[in-house]
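To keep things clear, I will list the structure first and then write my remarks on it.
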Amino acid sequence: MEIALVFLAALLWVTVTLSILSAIDRPERKARRQQKRAERSGHRRVQYRPAVSGPEPGKQGRQPRRLRPH
């Protein structure tokens, strides 16, 4: 019976300690996740610019100007 009581006390101590440590670290982990998400979404954005600066003489009417990512 005493052994079960010691194991129960140890389990309770570990559980409380881990929950306290997790609660302390939570805002920092949330900030890191938000920063990573912002960095990833920043790389996904593609900025477009015209492929041709203006209409070239003699090539009018062939194809419309296309936008290309850079």
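No hydrogens, no waters, no symmetry mates; every other heavy atom, side chains included, goes into these values.
Between the side chain of Thr17 and the main chain of Trp13, a donor-acceptor pair closer than 3.5 Å is present.
Rounded to the nearest 0.5 Å, atoms CG (Leu12) and CZ (Phe7) are 15.0 Å apart. The structure places CD1 of Ile3 at 13.5 Å from CG of Leu8, a figure rounded to the nearest 0.5 Å.
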